[in-house]
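Chain letters run A, B, ... following the sequence lines, proteins first and then strands; every chain starts at 1.
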There are 2 protein chains.
Amino acid sequence: MSLRNAVMATLLDGEASGYDLAKAFDASVANFWMCTPQQLYRELDRMEADGLVSARTVQQEKRPNKRLFSLTASGLEALAGFTEAEHKPTAIRDELLVAVMAADANAEAVKASLRERKQWAEAKIARYERLKAKLLGNRTEEEFLGEAERVGPYLTLLRGLSFERDNARWCARCLTVLERRGARLDAST
Amino acid sequence: MSLRNAVMATLLDGEASGYDLAKAFDASVANFWMCTPQQLYRELDRMEADGLVSARTVQQEKRPNKRLFSLTASGLEALAGFTEAEHKPTAIRDELLVAVMAADANAEAVKASLRERKQWAEAKIARYERLKAKLLGNRTEEEFLGEAERVGPYLTLLRGLSFERDNARWCARCLTVLERRGARLDAST
DNA sequence: GCCACCTACTAAACTTGTTGACTAGGTCGA
DNA sequence: TCGACCTAGTCAACAAGTTTAGTAGGTGGC
């Protein structure tokens with residue numbers, strides 16, 4: 001039910017097509033809410049039916065026509081309602097954690113996954129850092145937080161960043177633990 | 001598809017009933033994979049049909065009979081296969097993040113949610129700390145990692161712990177940012 | 001002696017999310 | 001000029017997760 005709200009929060013930045021939203025999602029919302037284009041289009045249709053967004057079709061010459069969506073008054077109201085509702089805490093829900101839970105059964109494979117994930121997390125951190133630098137421009141964080149009209153996207157970016165940093169650190173920790181164990185077990189055979 | 005694997009990883013500790021699993025999940029797996037009892041029972045039935053677990057019914061006098069599940073050889077094999085597979089990275093997927101993204105539209109409500117979540121996270125941290133102390137017994141972490149036959153559950157516990165610490169820190173950060181903004185905006189009216 | 005909670009499940013409907021393939025023209029580099 | 005990728009979507013089928021409710025006896029506290 002929250003994809004709706006994520007879409008509306010993104011539309012606070014102004015009109016966008018489904019395709020634009022997919023890209024915007026990928027760039028910023030993906031830190032905390034991923035979805036496929038299909039989900040987006042389906043949800044946009046429903047939101048239009050519910051009057052939360054309105055669409056206008058833009059004819060294009062050299063490309064397929066597109067539909068630009070924008071928030072309606074009732075969409076804005078719904079978003080305000082959502083921010084007032086309770087938000088249940090969530091868990092991480094990551095297959096890698098499941099694998100680590102079972103790591104004692106197959107340590108080598110899990111170590112490989114951990115190495116891969118660590119690299120992935122580091123790449124993501126680098127990407128987030130670039131995004132952050134872009135958002136800040138040549139201002140300090142202080143200046144930005146003082147001036148900007150929206151701080152929400154910046155704050156969520158910080159959360160995504162610290163999540164991935166934490167991931168990378170944890171992967172490293174697991175690797176040293178599993179490697180030390182491996183050495184010990186090898187020594188005792 | 002990973003609930004299956006989480007269940008199997010839990011069954012590495014030995015036989016358990018659906019009810020036991022629900023509790024065990026709540027206590028340890030819930031850091032990274034939550035589910036309702038209904039999901040568990042449904043999945044256990046399917047897993048039995050697929051030959052991954054076997055059940056034996058235990059007659060009880062003063063309580064409903066229960067079915068104790070244990071891993072079969074092919075279940076163990078499936079779990080090993082799972083640990084070897086690739087594990088896609090996940091995002092956080094938290095409604096609170098969506099609300100913070102829209103925070104500029106309704107700051108007061110979001111601040112209330114942040115305060116609530118911070119408290120919740122702190123409570124969870126305390127619970128994890130207790131669990132950790134219980135796992136360690138009177139050993140140091142070093143000793144535990146050297147001696148224990150399974151380190152998986154400990155490592156996942158560490159991840160849950162750092163996730164919640166991160167949550168609490170981030171909530172605090174958002175609150176100071178939003179409060180400073182509030183003050184500034186009030187001053188400028 | 002009553003109320004609330006604990007064990008141990010079952011049922012059904014519903015909402016979300018995932019996967020994979022398909023259309024169809026345009027741009028860009030080798 | 002060929003193939004690969006980009007825009008801007010659509011469709012269908014399925015898998016997974018959520019919600020809400022119920023059964024039915026036992027235990028523990030006030």
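Distance, B:Lys88 NZ to D:dA16 P: 11 Å, rounded to whole Å. Residue B:Asp50 contributes atom CG, which lies 12 Å from atom P of D:dA15 at whole-angstrom precision. Whole-Å rounding puts the B:Gln59 CD to C:dT7 C1' distance at 16 Å. In this entry the distance linking CD of B:Glu48 with P of C:dC9 reads 12 Å, nearest Å. Rounded to whole Å, atom P of D:dT19 lies 19 Å from atom OH of B:Tyr41. We find that CG of B:Leu44 is positioned 11 Å from C1' of C:dC9, with the value rounded to whole Å. For A:Arg46 and C:dT16, the CZ to P distance is 7 Å, given to the nearest whole Å.
In this model, a donor atom of one side chain and an acceptor atom of the other lie less than 3.5 Å apart for B:Asn106 and A:Glu84.
Toward the 5′ end of DNA chain D lies the nearest nucleotide of A:Phe69, the other residue of the pair A:Arg42 and A:Phe69 mapping further downstream. Nearest-nucleotide positions on DNA chain C place B:Pro37 closer to the 5' end than the other of B:Pro37 and B:Arg93.
Less than 4.0 Å separates DNA chain D from at least one heavy atom of each of the following residues of residues 14-24 of chain A: A:Ser17, A:Gly18, A:Tyr19.
Under the 3.5 Å distance criterion, the side-chain polar atoms of B:Arg117 are left unmatched by any main-chain donor or acceptor of B:Leu114. Side chain of A:Thr72 to backbone of A:Leu52: a donor-acceptor contact under 3.5 angstrom is found. Between the side chain of B:Arg165 and the main chain of B:Ile125, no donor-acceptor pair closer than 3.5 Å is present.
In this structure, the side chains of A:Val100 and A:Leu178 stay at 4.5 Å or more apart for every pair of heavy atoms.
Aromatic ring orientation, B:Tyr154 versus B:Phe144: tilted (interplanar angle from 30° to 60°).
Proximity of A:Gln39 to the phosphate of C:dT18: a side-chain N or O atom is located under 4.0 Å from OP1 or OP2.
Residue A:Gln38 places no side-chain atom within donor-acceptor reach of the base of D:dG9, judged by atom type and a 3.5 Å distance cut-off alone.
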